[in-house]
Structures are given as structure tokens and as C-alpha cells.
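Written out below as C-alpha cells is the structure these notes cover.
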Amino acid sequence: MLDQKLIRENPTSVEKNLSLRGKVYRISEIHELTIKKKNIDIEIASLQSKSKRLSKLIGQEISKSKNYDSQELISLKKKGNEFRIKISELEEKKRILDKEVDDEICKLPNFPSNDAPIGKDENDNVQVKTWGDPLTEDDLKSHWQIGENLNLFDSINSTKISKSRFITLIGNGARLERALINFMLDMHSKNGYLELMPPALVNSESLKGSGQLPKFSNESFKCSNDDLWLSPTAEVPLTAFHKNEIIDSKQLPLKYVAYSPCFRREAGSYGRDTKGLIRLHQFNKVELYWFCDPSKSTEAHEKITSDAESILKKLNLPYRLVDICTGDLGFSSSRTFDLEVWLPSSKCYREISSCSNCLDFQARRSSIRTKIDKKNTYLHTLNGSGLAIGRTMAAILENGQLKDGSVRIPDALVPYFGSNLLKTA
RNA sequence: GGAGAGGUGGCUGAGUGGUUGAAAGCGGCUCCCUGCUAAGGAGUUACAGGAGGUAACUUUUGUCGAGGGUUCGAAUCCCUCCCUCUCCGCCA
């Protein structure tokens with residue numbers, strides 16, 4: 001959420017900053033609403049002050065005279081009643097305005113960072129670096145072919161259980177998934193992250209707090225009988241974990257790592273990535289999350305990204321780092337680095353982690369602050385996948401495939417998986 | 001799911017319509033005494049938002065789980081919701 005005061009006092013700069021996203025955001029209406037709201041706030045405060053003084057006076061009169069219905073008291077009470085009516089009218093107006101302002105502001109995305117490359121869409125993203133040697137041979141198998149050959153997962157039967165875009169992991173496939181989750185959690189824990197295992201169901205307020213609502217209600221699964229949704233990413237419960245708190249600055253940064261299943265409706269992606277592990281309604285992810293001092297979020301962003309990268313390096317998976325351009329930034333993010341892993345069967349890099357600095361955007365929505373020089377200040381939040389498990393498995397299968405159809409397991413994973421080779425049972 | 005009890009400041013815990021943002025205690029902070037430690041004495045101490053000032057600060061509003069209502073006035077009365085605890089049921 002953007003700062004309401006900024007919108008009220010400097011609407012042109014707000015519009016200008018938002019326009020970097022390559023879309024026109026008109027905020028003149030919101031601007032007017034915030035001014036109206038402000039005026040009503042002031043009026044209410046002054047009436048309340050008068051009314052409060054009057055009530056005290058009445059109390060004093062009663063205790064002095066012990067007379068509850070003197071002519072004077074009756075007229076004072078009548079005056080008080082007038083205040084009450086007037087105030088409640090204004091409060092009703094204020095309620096409506098508050099909601100309108102809040103609704104509108106919540107639909108505005110975060111400002112892009114000045115450091116983000118300016119661009120229209122994903123074609124303008126900037127490759128910052130690559131790591132590892134990508135396999136470029138022509139006759140390499142896709143991960144779903146490998147998965148089928150080695151009987152690692154099953155999508156046909158999964159449509160019986162649920163529908164398309166769900167998968168059931170089998171035998172070594174399930175084992176490998178589990179190994180990856182444990183490996184990543186252990187790595188990050190050793191690296192200073194506190195492990196959390198949050199609820200998979202989250203309420204609307206939590207989704208609003210991290211930016212998924214109100215604009216993207218289409219992208220999550222909703223429970224029809226409750227105000228609960230299947231969480232699309234652990235970023236949601238992790239943000240909400242400290243909702244409405246003022247965190248002691250000595251405790252910052254708070255660094256969390258969480259494994260969670262993630263559920264996404266993938267509306268509008270019909271026909272894309274229909275095979276394999278790349279795009280599913282349900283997938284597993286290990287997420288990194290920081291709450292940090294506002295002055296330190298830029299370096300924190302570098303750190304969270306390199307923490308995610310360290311997993312790819314340990315697994316010896318070739319990848320590249322991409323600086324997301326202003327037009328392709330996610331709703332809550334001001335700057336995002338994507339890590340894209342090399343998938344040899346399609347000869348391209350695919351997103352496996354997205355590391356974002358949201359500045360105070362989510363903190364303001366969720367009311368998470370810290371004291372700086374005795375003043376309460378919204379802190380900064382950052383999130384990054386560390387990593388998406390299904391896509392990691394796909395990358396391991398494709399990058400580790402051997403001529404005889406078996407798959408080499410990266411050394412770092414062997415203690416977790418229990419073998420250095422994946423072959424037909 | 002049923003029945004009951006409860007939610008007050010950093011903590012414990014009073015408070016059932018009136019100058020109560022809230023007694024008392026603990027804790028915290030400042031000073032004094034003693035000074036090796038322990039103890040003792042005096043004072044002070046909730047939080048959040050807005051407005052004004054470069055600032056120390058001033059002013060104003062709100063806050064006793066949340067939101068409504070009654071009233072000139074609500075921690076206190078009424079309604080709705082949330083949460084916690086106990087018992088029963090069900091259950092991994």
C-alpha cells in the first residue's frame with residue numbers, strides 16, 4: 001500500500017512513479033477523496049473535543065448540586081445530544097470515505113525502484129549474470145519423459161484425484177521431493193534463518209496484507225464456507241506472522257525460512273506448460289523472508305538473492321540472474337531479481353526463484369513497524385524462493401540425465417536422497 | 001459441534017454509568033543514602049494517530065479483545081464477532 005499522505009500531498013509524483021510500470025494510473029479521484037477525508041477528520045476531532053468537555057461539565061454539575069433534572073442540566077443535555085447526532089452523521093460519512101480510499105489505494109501497486117531497469121514487459125528484463133555450463137546437446141529428454149521412464153510421478157491418475165495440473169509423486173520422485181525440501185531447509189537454517197511451518201490456509205486480511213487481494217482474487221483458491229484461502233505462497237503467512245506489531249529494532253533483521261505447499265489457480269495459462277512439473281495448481285516451495293530496517297533493505301536484497309543462489313550452486317544447476325524491468329515487476333515489489341535455471345530439453349532458462357524487495361509496501365498494508373529514533377516507522381520486507389521444489393526437481397532430472405536413462409543426483413543432495421543415482425527400480 | 005468461564009497497561013490484578021487513561025503491586029527509569037554485597041528512601045513511568053514547530057516540545061483525538069448500539073457521558077449496560085481456558089462429543 002502506498003502512503004496515503006503522499007497521495008494527498010503530492011499526487012503528481014505518485015502518478016509519475018507509478019507510470020514507470022508502463023501503465024497509466026490515474027489517481028486524481030483518490031486524491032480528492034483523501035482531501036475530503038482529511039477535512040472530515042479535522043471536523044470530527046473538533047466536535048468531539050467540545051462534546052467531551054460538555055459531558056465533563058454535566059458530570060461536575062450533578063456531583064455538585066445532586067440535582068439530576070434541573071432546567072440547566074436539561075438544556076445542557078439537549079446540546080450534548082445535538083453534538084452526538086452531528087458527530088455520528090460525520091462518522092458515517094467518514095466510514096464510507098475510509099473504505100473508498102482504502103479500497104482504491106489497495107489496488108495501486110508499489111513504486112518501482114529507481115535502480116530497476118525501465119521497460120515494458122519481460123522482454124526488457126536484464127540478464128545480470130550466468131553461472132555454470134548449460135547442457136546444449138540436442139537429444140536430451142524432457143523432465144516429464146524422464147519422470148515417466150523412471151516412474152517418478154503421475155499426472156494421468158492425478159486428474160482422477162483432482163483435475164489437470166495436479167501431480168502425484170511416486171517412489172523415488174516423492175523421496176527426491178522430500179530430500180530437496182529437507183536439504184534447502186537445513187541449508188538456510190544453518191545460514192541464519194529461523195524455520196517456520198505456517199498454516200497453509202490464510203484469511204482474506206493476510207492476503208490483502210501481502211498484496212494478493214483485492215486485485216488478484218482470481219489467482220487463489222477460496223474455501224466456500226469460511227473466510228479462508230489456500231495460500232499461494234508462504235510469503236502470505238510469513239508477512240501476516242508479524243501483522244500489527246511494532247518490532248524492536250534490536251531484533252532486526254528477522255530472517256525466516258518456511259516450507260509450504262502453494263496453491264495457484266493459474267487462470268489464463270491454459271495450454272501453457274501442460275506437461276511435467278513446471279506449472280501446477282499445487283507445488284512445494286521453500287521460501288525466504290526478511291523483516292528489516294528500512295535503511296538496509298537494498299543490501300538485504302542482495303543477500304537474500306545470494307542465499308537463494310547458494311542452493312542452485314550447491315546443486316550444481318546452471319542458472320542466470322535477471323533484473324526484472326519496471327513493466328514486469330510484481331504488484332508488491334519495487335525491485336525483483338529472478339533466478340532462472342537452465343532446462344536443457346527446452347534450451348531455455350526458467351524461473352525457479354523470485355527475490356523481491358517490497359520496501360514498506362507490505363509492512364504498511366499489514367501494519368508492521370519498528371522504532372527508529374523514537375518514531376514508529378514501517379519496516380521493509382523482502383521475500384525470495386529458496387527454491388521452488390518442483391522446478392528444482394525438473395532441473396535436476398534434465399541436467400543430471402545420463403545416456404543410459406538414469407539421473408545423477410548432485411553430491412550435496414546424496415545424504416538426503418540416500419543414493420547418487422536415480423535409475424529404474 | 002454442545003455446555004460453561006474468561007479477555008483490563010511491560011506483567012499480576014482492582015474497578016458495574018460521571019472530571020477514570022484507569023487503584024494497588026511487580027517490573028523499568030532518575031535521584032538520594034549506604035557502598036563489599038544485600039537492602040532502604042524519594043520521584044517518575046501506557047500506547048497509537050492527527051495538527052503545529054528545525055527541535056526539546058505544544059495541542060488534540062482514540063484506545064480496557066474487535067466492531068456496532070444505548071447515553072450528555074461507557075472499562076462498566078445491550079448486540080454481533082474473534083480469541084483463550086475447562087468439561088463433553090468427534091477426531092489425525
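Within every chain, numbering begins at 1; the chains are lettered A, B, ... in the order of the sequence lines, protein sequences first and strands thereafter.
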*Interatomic distance at P, B/C77 relative to B/G2, whole Å*: 25 Å
*Would you say B/G49 has OP1 or OP2 under 4.0 Å from some side-chain N or O of A/N376?*
yes
*Which part of the nucleic acid, if any, lies within reach of A/D41 when heavy atoms closer than 4.0 Å are counted: base, sugar-phosphate only, or nothing?*
nothing
_Output the rounded distance in Å from CG (A/N203) to P (B/A66)._
17 Å
*Test A/R84 against A/S88 for side chain to side chain donor-acceptor pair (under 3.5 Å), laying out the working first.*
CA-CA 6 Å; A/R84 183 162 62 89; A/S88 72; over 6 Å; no
_Assuming nearest nucleotide by heavy-atom distance, tell me which of A/K78 and A/S46 is located more 5' along RNA chain B._
A/S46
*Could you check whether A/L76 gets within reach of a base, just the sugar-phosphate, or nothing at all, counting any heavy atom under 4.0 Å?*
nothing
*When we call it a touch if two heavy atoms are under 4.0 Å apart, what does A/G59 touch: a base, just sugar-phosphate, or nothing?*
base
*According to the Watson-Crick and G-U wobble definitions, with both distances under 3.5 Å, which nucleotide is paired to B/G18?*
B/C72
*For A/R95, answer base if it contacts any base atom (sugar-phosphate contacts may also be present), sugar-phosphate if it contacts only those atoms, and nothing otherwise; contact means non-hydrogen atoms under 4.0 Å.*
sugar-phosphate
*With rounding to whole Å, what would you report as the distance between B/A38 and B/G65 at their C1' atoms?*
42 Å
*Just by distance, with hydrogens left out, do A/N39 and A/K36 show a side-chain donor and acceptor under 3.5 Å apart?*
no
*Does B/U80 have a Watson-Crick or wobble mate here (both distances under 3.5 Å), and if so which one?*
B/A66
*Just checking A/K37: base, sugar-phosphate only, or nothing, at a heavy-atom cut-off of under 4.0 Å?*
nothing
*Could you state the atom-to-atom distance from CD of A/E82 to C1' of B/G73 in whole Å?*
16 Å
*Set of side chain to side chain donor-acceptor pair (under 3.5 Å) partners for A/E309, sequence neighbours left out*: A/K129, A/Y319
_Measuring from the side chain of A/K56 (C-beta onward, heavy atoms only), which nucleotide among B/U19, B/U61, B/C72 has the closest atom?_
B/U19
*asked:* Between A/Y416 and A/F183 (judged by ring centroids, cut-off 6.0 Å), do the two rings come close enough to count as a pair?
replied: yes
*From the options B/U19, B/U70, B/G18, select the nucleotide whose nearest atom is closest to the side chain of A/R84.*
B/U70
*asked:* Please give the distance between the P atoms of B/A55 and B/A39 as a whole number of Å.
replied: 43 Å
*Tell me what A/K79 touches on the nucleic acid: a base, only sugar-phosphate, or nothing, going by heavy atoms under 4.0 Å.*
nothing
*Considering every strand shown, what is the Watson-Crick or G-U wobble mate of B/A56 when both distances are under 3.5 Å?*
none
*Should we count NZ of A/K222 as having more than 12 external heavy atoms under 6.0 Å?*
yes
_d(CG, A/D98; C1', B/G68) in whole Å_ = 16 Å
*Could you give the distance separating B/C72 and B/G13 at their P atoms, to the nearest angstrom?*
37 Å
*Just grab all the salt bridge (charged side-chain N to carboxylate O under 4.0 Å, His left out) pairs involving residues 173-202 of chain A, residues at least two apart or on different chains.*
none
_Whole angstrom value for the distance that separates P of B/G50 from CD1 of A/I35_ = 17 Å
_B/U71 versus B/U16 - spacing of their P atoms, nearest Å_ = 23 Å
*Nearest to side-chain heavy atoms of A/K38, which nucleotide of B/U61, B/A48, B/G50*: B/G50
*What is the distance, rounded to the nearest whole Å, between atom CD1 of A/I42 and atom C1' of B/U59?*
14 Å
*Choose from B/C72, B/A48, B/U60 the nucleotide whose nearest atom is closest to any side-chain atom of A/R369.*
B/A48
*asked:* Between B/U19 and A/Q60, counting only base atoms on the nucleotide and side-chain atoms on the residue, is there a donor-acceptor pair under 3.5 Å?
replied: yes
*Write down the distance separating the C1' atoms in B/G17 and B/A5, rounded off to the nearest Å.*
25 Å
*asked:* I'd like the P distance from B/C33 over to B/G49, given in whole Å.
replied: 40 Å
_Closest-nucleotide ordering on RNA chain B, the 5'-leading residue of A/G80 and A/Q48_ = A/Q48
*Indicate whether OP1 or OP2 belonging to B/A48 is found under 4.0 Å from a side-chain N or O atom of A/K371.*
yes
*Taking any strand in view, what nucleotide pairs with B/A92 in a Watson-Crick or G-U wobble way, both distances under 3.5 Å?*
none
*Does B/G27 have a Watson-Crick or wobble partner in any strand here, with both distances under 3.5 angstrom, and which is it?*
B/U45
*State yes or no: are the ring centers of A/H242 and A/Y256 separated by less than 6.0 Å?*
yes
*asked:* Checking contacts here: which listed nucleotide (B/A51, B/C72, B/U19) is nearest the side-chain heavy atoms of A/K77?
replied: B/C72
*When the distance from CD1 of A/I87 to P of B/A74 is rounded to whole Å, what number comes out?*
11 Å
*Is there a Watson-Crick or G-U wobble partner for B/C87 with both distances under 3.5 Å, and which nucleotide is it?*
B/G2
_B/G50 and B/A42, which share atom name P, separated by this distance in whole Å_ = 40 Å
*Using whole Å, report how far CG of A/L54 lies from P of B/U19.*
15 Å
_Can you measure A/E43 atom CD to B/G50 atom C1' for me and round it to whole angstrom units?_
15 Å
*Both distances under 3.5 Å, Watson-Crick or G-U wobble: report the partner of B/C36, or none.*
none
*More than 12 heavy atoms from other groups under 6.0 Å of CD on A/Q48*: yes
*The side chain of A/S49 lies closest to which of these nucleotides: B/U61, B/A48, B/U70?*
B/U61
